[in-house]
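Basis for what follows: all heavy atoms, side chains included, without hydrogens, waters or symmetry-related copies.
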2 protein chains.
Amino acid sequence: MTVPLGESIRQSFERRILSGELAPGSRLPTEQEIMAEFGCSRMTVSKALSALTTAGLIERRKRAGTFVVRPRVHAMVLEVPDLAAQVAARGQAYRFRLHRRNEEMVQDGHLAGQRALHLGGTHFADGEPLAIEDRLVSLAAVPAIADADLAAESPGTWLLHHVPWTEADTRIFATGANPAEAEALGLNPGAPCLCIERRTWRGDEPITTVRQLFVASGYELVAHFGPGGAS
Amino acid sequence: MTVPLGESIRQSFERRILSGELAPGSRLPTEQEIMAEFGCSRMTVSKALSALTTAGLIERRKRAGTFVVRPRVHAMVLEVPDLAAQVAARGQAYRFRLHRRNEEMVQDGHLAGQRALHLGGTHFADGEPLAIEDRLVSLAAVPAIADADLAAESPGTWLLHHVPWTEADTRIFATGANPAEAEALGLNPGAPCLCIERRTWRGDEPITTVRQLFVASGYELVAHFGPGGAS
DNA sequence: CAGTGGTCTAGACCACTGA
DNA sequence: CAGTGGTCTAGACCACTGA
């Protein structure tokens with residue numbers, strides 16, 4: 001398990017930056033100097049520094065050189081697994097029950113002016129309500145969903161398998177259940193819930209808007225940040 | 001603004017994969033074939049495919065070839081900005097009040113067996129409580145915090161500027177405020193709150209553990225997924 | 001054991017931009 | 001306008017592994 005030369009150059013500068021030896025804003029040696037230090041070609045140096053650029057640790061400016069980036073907003077990797085898979089992974093039985101399905105013209109939001117399928121349903125884990133969701137799916141972008149059997153598979157799972165999205169926005173916040181939501185989730189009105197609102201696109205084309213409301217005691221999100229990325 | 005050749009190769013395969021033209025599990029052309037298709041050298045092909053590997057779209061297996069990865073868990077980019085900066089960005093006045101500061105031996109958790117600084121305080125936006133936090137900071141890893149002026153700057157902001165972490169785990173969930181928490185946040189007991197628990201490391205060394213409880217109406221997290229990464 | 005990807009070299013021409 | 005990074009070439013040797 002010998003480490004490739006380019007990888008060891010990358011690690012060397014990553015270590016110097018994370019340890020503070022190379023402070024934010026300070027300048028790295030030029031590619032020529034790094035070539036001399038490690039006795040390698042310029043392509044090898046360039047690949048190593050490109051990886052650090054992608055990772056957001058350094059910034060390369062022509063004529064000026066390569067610099068350690070000042071500490072920014074921390075970006076973490078948030079796992080958004082399929083809900084059915086996540087429930088199954090906990091050893092619980094997953095079930096979805098659809099209680100609304102109609103076509104309509106959407107008035108506002110990112111699907112405004114389009115015909116969409118309006119879906120509502122409840123996710124269960126071991127027979128207990130885990131979450132309710134309310135979803136609009138663009139019929140122009142996903143005509144096949146008109147014929148999908150959504151009793152057998154939740155709309156989210158169906159979409160995941162049939163329509164890969166390329167872009168998504170997600171809002172995550174806490175809220176109290178309103179009376180109707182509380183009833184559907186078997187909670188008291190005002191009980192704390194985790195709410196996830198997501199809009200997705202494939203290219204420029206809107207695919208779906210969904211609002212999911214989770215029973216607070218049954219669900220959490222996990223995010224990681226680290227050299228290994230997601231784990 | 002001409003697109004470099006390697007980048008256009010990358011985009012070409014990204015498009016074919018996202019559109020479904022190259023289905024999950026299917027095999028890409030060999031490097032030799034791609035060289036012929038685009039009339040370029042092998043290094044250029046290799047760089048383009050490496051970028052798609054890093055992005056998690058393809059997998060490269062020696063002797064076997066390059067394959068489209070089967071749909072996995074969706075990983076989104078979660079922005080974790082500094083709280084003070086986030087409040088300021090909304091045009092509100094940010095203030096932090098420290099109401100606990102003592103040294104102690106930690107009994108459990110990822111700092112177990114270490115001496116740590118125990119900090120508790122409240123974050124305010126325009127004078128209204130936004131969040132409370134309870135934090136342990138390892139004195140072995142961060143001796144300088146013993147002398148830090150944490151009345152002027154929240155512990156999180158101080159740590160962000162002084163001790164870059166390299167690894168972090170974050171849990172995000174909704175919960176009801178207990179009576180003491182509700183009192184500190186100006187809420188009724190049981191009111192919905194967003195809770196964020198985070199543990200951070202620098203390399204193998206634990207840095208800090210923090211639990212932050214946010215007033216539901218005042219805070220949300222935002223995550224993005226897309227070709228541009230964070231936006 | 002042959003075909004695939006992994007990595008590296010020694011060079012080249014170019015675009016950009018700050019000294 | 002000179003020094004820096006951006007990109008690319010045409011080749012090389014190697015490690016791995018599945019046909």
Side-chain angles (χ1 to χ4, degrees), chain A residues 1-17 22-70 72 227-229, chain B residues 1-17 22-70 72 227-229:
Chain A
M1 188 85 173
T2 79
V3 175
L5 182 51
E7 173 60 15
S8 75
I9 295 174
R10 192 196 65 75
Q11 284 175 11
S12 165
F13 284 99
E14 183 187 64
R15 186 188 51 71
R16 294 188 217 178
I17 292 167
L22 282 168
S26 65
R27 188 183 154 165
L28 270 67
T30 65
E31 294 189 344
Q32 296 296 335
E33 290 165 339
I34 298 172
M35 286 166 65
E37 177 182 348
F38 287 88
C40 68
S41 75
R42 199 176 145 220
M43 268 301 292
T44 304
V45 172
S46 174
K47 257 190 79 174
L49 296 186
S50 291
L52 292 172
T53 305
T54 300
L57 284 176
I58 62 173
E59 184 185 31
R60 314 183 75 189
R61 296 202 290 269
K62 285 175 191 173
R63 164 80 218 205
T66 300
F67 298 84
V68 179
V69 165
R70 299 189 176 279
R72 329 145 287 119
Chain B
M1 190 82 176
T2 80
V3 175
L5 183 51
E7 172 62 12
S8 73
I9 295 174
R10 191 195 67 73
Q11 284 175 11
S12 165
F13 284 100
E14 183 187 63
R15 186 187 52 72
R16 293 188 218 179
I17 292 167
L22 283 168
S26 65
R27 190 184 152 164
L28 271 66
T30 66
E31 294 189 344
Q32 297 295 336
E33 291 165 338
I34 299 172
M35 285 166 64
E37 178 182 348
F38 288 88
C40 66
S41 74
R42 201 176 144 218
M43 267 301 292
T44 303
V45 172
S46 175
K47 257 191 79 176
L49 297 186
S50 290
L52 291 172
T53 305
T54 301
L57 285 177
I58 61 174
E59 183 185 30
R60 315 184 74 189
R61 295 202 291 270
K62 285 175 192 173
R63 165 77 218 208
T66 300
F67 298 84
V68 179
V69 165
R70 297 188 178 280
R72 327 147 286 120

Worksheet item: In whole angstroms, how far is the P atom of D:dT4 from the CE atom of A:Met35?
Response: 12 Å
Item to complete: State whether the side chain of B:Ser50 and the backbone N or O of B:Ser46 hold a donor-acceptor pair below 3.5 Å, judged by distance alone.
Response: yes
Practice prompt. Return the 5'-most residue of the pair A:Ser41, B:Pro29 with respect to DNA chain C, ranking by each residue's nearest nucleotide.
Written response: B:Pro29
Fill in: Contact summary for A:Phe67 and A:Gly25, nearest pair of heavy atoms
CD2-O, 3.6 Å
Practice prompt. Look at the side chain of A:Arg27 and the backbone N and O of A:Ala64, then say whether any donor-acceptor pair between them is shorter than 3.5 Å.
Written response: yes
Worksheet item: Rounded to the Å, how far apart are A:Gln32 CD and C:dA12 P?
Response: 13 Å
Worksheet item: Hey, is the side chain of B:Arg42 pairing donor to acceptor with the base of D:dA10 inside 3.5 Å?
Response: no
Worksheet item: From the list D:dT7, C:dT4, D:dG6, which nucleotide is the closest neighbour of the side chain of B:Pro4?
Response: D:dT7
Response to the item:
Picking from C:dT17, C:dG6, C:dG3, the nucleotide nearest the side-chain atoms of A:Arg63 would be C:dT17
Worksheet item: Should C:dC13 form a Watson-Crick or G-U wobble pair with both distances under 3.5 Å, which nucleotide is its partner?
Response: D:dG6
Worksheet entry | Residue mapping more 5' on DNA chain D - nearest nucleotide basis, B:Met43 or A:Thr30 | A:Thr30
Practice prompt. Please tell me which of the listed nucleotides, C:dA15, C:dT9, C:dG6, lies nearest to the side chain of B:Glu31?
Written response: C:dG6
Discussion item. What contact category does A:Ser50 fall into here, base, sugar-phosphate, or nothing, at under 4.0 angstrom with non-hydrogen atoms?
Written reply: nothing
Practice prompt. Identify which nucleotide among D:dT9, D:dT7, C:dG6 has an atom closest to any side-chain atom of A:Ser46, counting heavy atoms from C-beta outward.
Written response: D:dT7
Worksheet item: Rounded to the nearest Å, what distance is computed from the NZ atom of residue A:Lys47 to the P atom of nucleotide D:dT9?
Response: 16 Å
Fill in: Interatomic distance where CZ belongs to B:Phe67 and C1' belongs to C:dT4 [whole Å]
10 Å
Discussion item. Distance check needed: D:dT4 C1' versus A:Ile58 CD1, whole Å only.
Written reply: 14 Å
Worksheet entry | Whole angstrom value for the distance that separates P of D:dA15 from CD of A:Glu7 | 18 Å
Item to complete: Return the 5'-most residue of the pair B:Gly65, A:Lys62 with respect to DNA chain C, ranking by each residue's nearest nucleotide.
Response: B:Gly65
Worksheet, complete the sentence: Separation of C:dT4 atom C1' from B:Glu59 atom CD, nearest Å, is 14 Å
Worksheet, complete the sentence: C:dG18 -> Watson-Crick or G-U wobble partner, both distances under 3.5 Å, gives D:dC1
Worksheet entry | Heavy-atom side-chain contact between A:Val68 and A:Leu28 under 4.5 Å | yes
Fill in: Nearest-angstrom distance from the residue atom CZ of B:Arg27 to C1' of C:dT4
8 Å
Fill in: Within-4.5 Å side-chain heavy-atom neighbours: A:Phe13 and A:Ile58
no
Practice prompt. Check whether any side-chain heavy atom of B:Leu52 sits under 4.5 Å from a side-chain heavy atom of B:Thr66, and report yes or no.
Written response: no
Practice prompt. Would you mind classifying the nucleic acid contact of B:Leu49 as base, sugar-phosphate or nothing, using non-hydrogen atoms under 4.0 angstrom?
Written response: nothing
Discussion item. Measuring from the side chain of B:Thr44 (C-beta onward, heavy atoms only), which nucleotide among C:dA10, D:dT9, C:dT4 has the closest atom?
Written reply: D:dT9
